[in-house]
Amino acid sequence: MILATYNAAGLRARLPVVLDWLAQNEPDVLAIQETKVEDDKFPTADFEELGYHVVINGQKSWNGVALLARGPISSVRKGFQDDLFPDDARIIAGEVDGMWIINSYVPNGSSVGSEKFDYKMRWLERFRRYLSENYRTDQHVVWMGDINIAPTENDVYEPKRKWGKVGFHPDEIARLGKITEWGLTDLFRLHTQGAGHYTYWDFVIPNAPDRNLGWRIDHIYGTSAVAEACTRCWIDKAPRTGDRPSDHTYVLAELDL
DNA sequence: ATGGTTGAATGTCAA
């Protein structure tokens, strides 16, 4: 089974290249973030024609997540289902082939000290509680998506300069640590160590992909049974240097399940 | 010092 995650940065603008990539790579599951489209405008039929089941949690202009799978998707859950928490379209979860898949678009945080940064901190704390309220570590649970946090100095270019900025700040990393301590393993780091393996390159930095000025902020996590079954986890950088790129690219994981 | 690009909008915000 192949899992993949991709921040599309606007799915309608990205649709041709996403459909091409899907047809070429045929993952069993694809988690998409930043679809930036309302549910009634989502291009569901295009994905169904490629043989995917589609569930979506969208909103106008911003955020928006989708889960695609070759098998049926059941027990679909959108967001925190929490009246007290601001409800951006950032989470869609469902069961596929006995695996519990959580696709999330973690808030960007804008800049340290801003209201949006505080929202990111509270969102991460709420997500930790969401995990233990809805899942068990003895299940096959996958959490993947745009995490918007570089967990270590190996996960961002010029880490000394970036330390303490949004995306590589101790308060973010501590909260991500609380989440993974629940029982999740970063599948990419099971197989690959060292710096320079990035999933996102800023549009505004000239030739950022060629210069590899990027961040590893798109992650696939799994509970112990998933981690034990993970035979490969890799980044497909080609879409970032091809036509009409998103600023992110795909992360994939192969599970022997 | 606060540039530069892109998407969803059609102002300007968010990233």
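In what follows, every heavy atom counts, from backbone to side chain, and hydrogens, waters and symmetry copies are set aside. Each chain gets a letter, A, B and so on, in the order its sequence line appears, and its residues count up from 1.
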Using a 4.0 Å heavy-atom cut-off to protein, can you give one letter per nucleotide of nucleotides 10-15 of chain B, 5' to 3': B if the base is in contact, S if only the sugar-phosphate is, - if neither? ----SS

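One hydrophobic cluster, built from ILVMFWY side chains closer than 4.5 Å, holds both Trp123(A) and Met121(A).
OP1 or OP2 of dG7(B) sits under 4.0 Å from a side-chain N or O of Arg244(A).
Straight-line distance between the P atoms of dT12(B) and dA1(B): roughly 27 Å, to the nearest whole Å. One C1' atom belongs to dA9(B), the other to dA15(B), and the distance between them is 15 Å to the nearest Å. Taking atom P in both dG4(B) and dA8(B), the straight-line distance is 22 Å, to the nearest Å. Separation of the C1' atoms belonging to dT10(B) and dT6(B) is 15 Å when rounded to the nearest angstrom.
Residues Trp215(A) and Lys162(A) are in side-chain contact: their nearest non-hydrogen atoms beyond the backbone lie under 4.5 Å apart. Under the 4.5 Å side-chain criterion, counting only non-hydrogen atoms from C-beta, Arg216(A) is in contact with Asp186(A). Put simply, the side chain of Glu172(A) reaches to within 4.5 Å of the side chain of Phe117(A), judged on heavy atoms. The side-chain heavy atoms of Ile149(A) and Lys120(A), taken from C-beta on, include a pair separated by under 4.5 Å.
Rounded to whole Å, atom P of dA8(B) lies 15 Å from atom CD of Gln33(A).
With values rounded to the nearest 0.5 angstrom, His191(A) atom NE2 is found 7.0 Å from Leu187(A) atom CG.
When atom types are taken as modelled, the side chain of Thr199(A) and the backbone of Ile217(A) share a donor-acceptor pair closer than 3.5 angstrom.
If you check residues 11-18 of chain A against DNA chain B, the residues with a heavy atom closer than 4.0 Å are Leu11(A), Arg12(A), Ala13(A), Arg14(A), listed by number.
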Can you list, pair by pair, the side-chain donor-acceptor contacts under 3.5 Å of residues 102-109 of chain A, counting residues two or more places apart and other chains?
{"from": "Asn103(A)", "atom 1": "OD1", "to": "Gln33(A)", "atom 2": "NE2", "distance (Å)": "2.8"}
{"from": "Asn103(A)", "atom 1": "ND2", "to": "Ile32(A)", "atom 2": "O", "distance (Å)": "3.1"}
{"from": "Asn103(A)", "atom 1": "ND2", "to": "Ala66(A)", "atom 2": "O", "distance (Å)": "2.8"}
{"from": "Ser104(A)", "atom 1": "OG", "to": "Trp143(A)", "atom 2": "NE1", "distance (Å)": "2.8"}
{"from": "Tyr105(A)", "atom 1": "OH", "to": "Glu34(A)", "atom 2": "OE1", "distance (Å)": "3.4"}
{"from": "Asn108(A)", "atom 1": "OD1", "to": "Ser110(A)", "atom 2": "N", "distance (Å)": "2.7"}

